[in-house]
**Q** 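One structure is given below, represented as structure tokens, and several questions about it will come after.
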Amino acid sequence: MSAMVVFTWLAIGVLVVGSIAVFAWFLVDAARMFRRPPDT
Amino acid sequence: MHAVDHAIIALYILGILALGFAVSRRIGGFRDWFIAGGTMTTPVLVCTLVSTYYGLDVLFGASEVGFVDGVVGWFFYSRPYYLAILVAAVFFARRLRRGAFLSLPDVAAAAYGRGTQVVVAVASFVYALPMLAVMGIGLVLEVVLGVPFVWGVLAGAAVSVIYTLMGGLLADALTDTVQFTLMCVTLGIAAALALDASGGVAALRTALPASYFEPRGTYPGAVLAVFGIGALSVLVEPAFYQRIFAADSYRSVLVALAIGVVLWAAFDWIVTLLGMTAAAIGLDVEPRSALLALTLDVLPIGLKGLFIAGVIATAMSTIDSYLLIAGGNLSYDLYRPLARTGPGDTELLRLTRIGVVISAIVTIAFALFFTSMVSAWVFMASILVSSALVPIVGALFLRLPLRPAAGLASSLAGLLVAAAVFLLTNVYGAYNEEWGTRIWSVTAGARTFDIWQEYAVLFALPASAGAFLLGQIFGRAAGTTAPVHAMTEAP
């Protein structure tokens, strides 16, 4: 399998899996952030 | 498109507006609204940085280069940006955070005073107007949904303005998380399906000329150098600066930018490859429409709607962030220092919201007026780099008392020389169909020099540096405020 093929599928994996992972990380953070009382 | 696809797109837009409203209830003063109170954590930073910085200019522009020229765009245009981002993360971000700034012109003001602040703010404002994204959203809505271009432009800008006015940077950033995920996931899935349908990477090598796979492509060396120099814009990028100031810690910025580089590299490569795939299968479309045509062809119902929502998300995540920057340039960086009595926090918030609306109106006007935005984008980026890079780098890294004249002279010289090169290439040059840009051929003796409009920074940066030197030598000393490098270095 050529380097270009490997790199391409790696890039697809990063985009799909990586972005979902970051979004999941954000949800955990958001739960913590929104438990903070609003600024007055 | 199927009704399911339309419903998905409508749901996305309503969801984004609802999120903006929810956030607006948590907003206190200007700092809360403009830099989210300095509370942005790593995952939010990743999402907002990646989705803000990448808009339809990348989605359509990079795929256009892939369609016409192959991999050269990724190797010589995109890769220098990754290096510049890492340089910004390691050398700039920590210093910027120590200085307690709120914007890019703030740094210029602290180092050189009001004059340089105004010049950098004007350059930042011109750069920040999201003309390409607004124009792109109009084109997408016209091509995909049949919405007349003017209405598409107005609708796209209006939705972005509404939630930005409500929730400021926090609304921008939180909607960016959804938009980021949509952008990346739909693009990745579309790429997998498109490659599968076209026979994969091996089929590209059979169908396309060898030059498509050459890292240098067929571009002249000077143009490749200019592509690389363009990456310097990252070092004075207003949206980057705003997010650096909005982060909850330096470590969050560092990690977010490192993760961002990986995602940006993947995004660029896939977009380039999709452009090449469209060329390989012989799609008879305009180069900038290649990616859209290819993905709409291969995606099934439902995924098609999601992808279009992802494309709209790509545009809106850029529009909202840069309207906020441009609005802040008008109120915080231009009006506030020039007003007789500085506006209070509530007034500043109100003025910035007005600034956002003004910026949106100017952006819409440009998007409806200009037919070709590629030159406009190169001009905007050149103006920013030419006027801001030298004074800002000097402010952050030079360990000597800075003269106000140095900042003012360097920012003005850079701005004027860049503008002059563009003016000359547009007045005396000709549009070159092969390279898609304006080139001015100048004959000196027996030799002819081709000056591309992209060469503006090659003239403007040396002029800016020279003017800085002269200003430092001949200018008067500043007052008693601490030099910026002292504010930003480690204690």
Side-chain angles (χ1 to χ4, degrees), chain A, chain B residues 22-23 25-29 31-33 36-37 39-48 50-51 71 74 170 173-174 176-178 180-193 195 200-202 204-205 213 248 256 259-260 262-273 277:
Chain A
M1 199 180 275
S2 74
M4 194 165 161
V5 173
V6 172
F7 191 68
T8 299
W9 287 105
L10 201 61
I12 290 173
V14 163
L15 281 180
V16 177
V17 178
S19 61
I20 291 172
V22 171
F23 188 67
W25 184 7
F26 153 73
L27 287 177
V28 171
D29 245 21
R32 187 168 46 87
M33 193 197 306
F34 279 97
R35 264 186 247 122
R36 185 167 63 91
D39 297 325
T40 50
Chain B
V23 168
R25 298 164 68 199
R26 296 175 55 82
I27 297 301
R31 195 167 183 273
D32 254 6
W33 191 77
T39 61
M40 284 168 61
T41 56
T42 305
V44 177
L45 285 170
V46 172
C47 296
T48 188
V50 171
S51 64
V71 300
W74 190 82
L170 192 57
L174 292 180
D176 281 349
T177 61
V178 174
F180 155 83
T181 313
L182 250 185
M183 269 168 63
C184 292
V185 170
T186 56
L187 187 69
I189 293 173
L193 292 174
L195 281 170
V201 174
L204 300 185
R205 289 206 179 265
F213 301 90
D248 65 348
I259 294 173
V262 175
L263 285 160
W264 277 312
F267 194 96
D268 286 328
W269 180 254
I270 291 305
V271 168
T272 299
L273 209 69
T277 304

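Only a predicted model underlies this, so the values are computations on that prediction, with no experimental measurement involved.
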**Q** Which heavy atom of B:A192 sits nearest a heavy atom of A:W9, and at what distance?
**A** CB-CZ3, 3.9 Å
**Q** Rounded to the nearest 0.5 Å, what's the gap from CG on A:L27 to OG1 on B:T177? Could you check?
**A** 7.5 Å
**Q** Where does B:L273 contact chain A at under 4.5 Å (heavy atoms): side chain, backbone, both or neither?
**A** side chain
**Q** Determine whether A:W25 and B:I259 make a side-chain contact, defined as any pair of heavy atoms from C-beta on separated by less than 4.5 Å.
**A** yes
**Q** Minimum heavy-atom separation for B:I270 to A:T8, with atom names?
**A** CD1-O, 3.8 Å
**Q** Mind listing the closest non-hydrogen atom pair of B:G188 and A:V16 along with its distance?
**A** CA-CG2, 3.8 Å
**Q** When heavy-atom pairs shorter than 4.5 Å are enumerated against chain A, which of B:V178, B:V46, B:V185, B:V50 gives the highest number?
**A** B:V185
**Q** Measuring from atom OG1 of B:T41 to atom CG of A:D29, what distance do you get when rounded to the nearest 0.5 angstrom?
**A** 3.5 Å
**Q** With only heavy atoms counted, which part of B:V262 is less than 4.5 Å from chain A, the side chain, the backbone, both or neither?
**A** both
**Q** Minimum heavy-atom separation for B:A266 and A:A11, please, with both atom names.
**A** CB-O, 3.6 Å
